[in-house]
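All remarks here apply to the structure that follows.
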Amino acid sequence: DQQVKQNSPSLSVQEGRISILNCDYTNSMFDYFLWYKKYPAEGPTFLISISSIKDKNEDGRFTVFLNKSAKHLSLHIVPSQPGDSAVYFCAASAVNNNDMRFGAGTRLTVKP
Amino acid sequence: DAGVTQSPTHLIKTRGQQVTLRCSPKSGHDTVSWYQQALGQGPQFIFQYYEEEERQRGNFPDRFSGHQFPNYSSELNVNALLLGDSALYLCASSLGGSMNTEAFFGQGTRLTVV
């Protein structure tokens, strides 16, 4: 069952512009959300997270927005850099449940 | 500070065989979770080990088993391999038996079943 969905398998953005990656979830018990970045031949690397008590979390060029009513979160990267080119995974978990669910990923390409 | 290390990096096995994958967590971490990532999909939770016990298990058959050692390292065993078990197996470590914190992933073991 796909409880976390990333409907865009790929996204291409020009360097310096904003990248917006989207993620939808179906399980209302999810209360913690994470974004991971994955380069080829490497494991996923934690990028940023947000708990359900917040609607925004910012870390440098990366901002995650959470819309609980729509069960939707997004990752904004501003400005985008070529080094941001990677696969981005959205993940979600519920309190006292260690079964973290991942989306299928979105491949971001930032063109110079 | 060593991150999460997994061995081997690649493995080819024949259908019906058994395989053991190994993971050493990041220094200071005591919790190890295993994931299976099939091609084109996100990682799927197999199980988590904390204090040498399996704390939680995802939707995987009993052919998948594991172990955690006193030094917090972990093994994933898969018996009676099927072609569909071909995937990237990821190990993630964290602290305190929770995944609701930043987890660090290893580079993965690419298993091919022929």
Side-chain angles (χ1 to χ4, degrees), chain A residues 1-10 21-27 29-54 57 59 62 64 73 86-107, chain B residues 2-7 9-10 21 23-26 29-51 53-60 66 68 87-110:
Chain A
D1 59 343
Q2 277 260 281
Q3 295 189 26
V4 177
K5 294 183 182 180
Q6 294 177 257
N7 292 319
S8 298
S10 64
L21 296 95
N22 294 302
C23 177
D24 297 293
Y25 61 96
T26 58
N27 189 340
M29 298 300 291
F30 287 148
D31 64 350
Y32 193 69
F33 305 89
L34 309 93
W35 284 93
Y36 281 85
K37 179 168 73 171
K38 186 179 186 302
Y39 293 118
E42 294 183 13
T45 304
F46 171 78
L47 195 56
I48 193 169
S49 64
I50 188 167
S51 75
S52 59
I53 61 173
K54 292 185 169 184
N57 189 25
D59 184 3
F62 302 91
V64 56
L73 66 156
V87 177
Y88 289 78
F89 291 101
C90 166
S93 65
V95 65
N96 296 326
N97 188 334
N98 296 308
D99 184 353
M100 188 161 59
R101 299 297 178 106
F102 282 79
T106 296
R107 181 176 300 279
Chain B
V4 179
T5 57
Q6 292 185 243
S7 62
T9 54
H10 295 82
L21 310 182
C23 172
S24 291
K26 178 179 167 62
H29 282 185
D30 57 7
T31 305
V32 173
S33 301
W34 286 92
Y35 290 82
Q36 180 195 67
Q37 186 181 6
L39 202 60
Q41 296 182 24
Q44 272 196 290
F45 177 75
I46 302 175
F47 42 54
Q48 183 190 78
Y49 276 84
Y50 174 64
E51 293 185 336
E53 289 189 359
E54 182 183 296
R55 291 199 81 197
Q56 188 165 348
R57 188 179 186 93
N59 190 24
F60 279 80
Q68 186 178 35
L88 179 69
Y89 288 85
L90 294 164
C91 166
S93 75
S94 56
L95 194 57
S98 171
M99 282 303 291
N100 285 347
T101 58
E102 179 183 345
F104 288 77
F105 282 83
Q107 84 285 0
T109 294
R110 172 74 61 188

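As the structure is a prediction and not an experimental result, all values here were calculated from the model. Here is the naming used below: chain letters follow the sequence lines, and residue numbers restart at 1 for every chain.
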Smallest separation among heavy atoms of B/G40 and A/A104, with atom names: O-CB, 3.9 Å
Partner chain B: residue of A/P9, A/G103, A/P44, A/G105 with the largest heavy-atom pair count (under 4.5 Å): A/P44
Minimum heavy-atom distance A/M100-B/F45, with the two atoms named: O-CB, 4.1 Å
All side chain to side chain donor-acceptor pair (under 3.5 Å) counterparts of A/Y25, not counting sequence neighbours: none
Spacing of B/Q48 atom CD and A/D99 atom CG [to the nearest 0.5 Å]: 10.0 Å
Verdict with reasoning, B/F105 to A/K38, per side chain to side chain contact (heavy atoms under 4.5 Å, CB included): CA-CA 10 Å; B/F105 282 83; A/K38 186 179 186 302; over 6 Å; no
Pairwise side-chain hydrogen bond (donor to acceptor under 3.5 Å, both in side chains) hits with a residue in residues 37-47 of chain B, at least two apart: none
Side chain, backbone, both or neither of B/L88 within contact of chain A (heavy atoms, under 4.5 Å): side chain
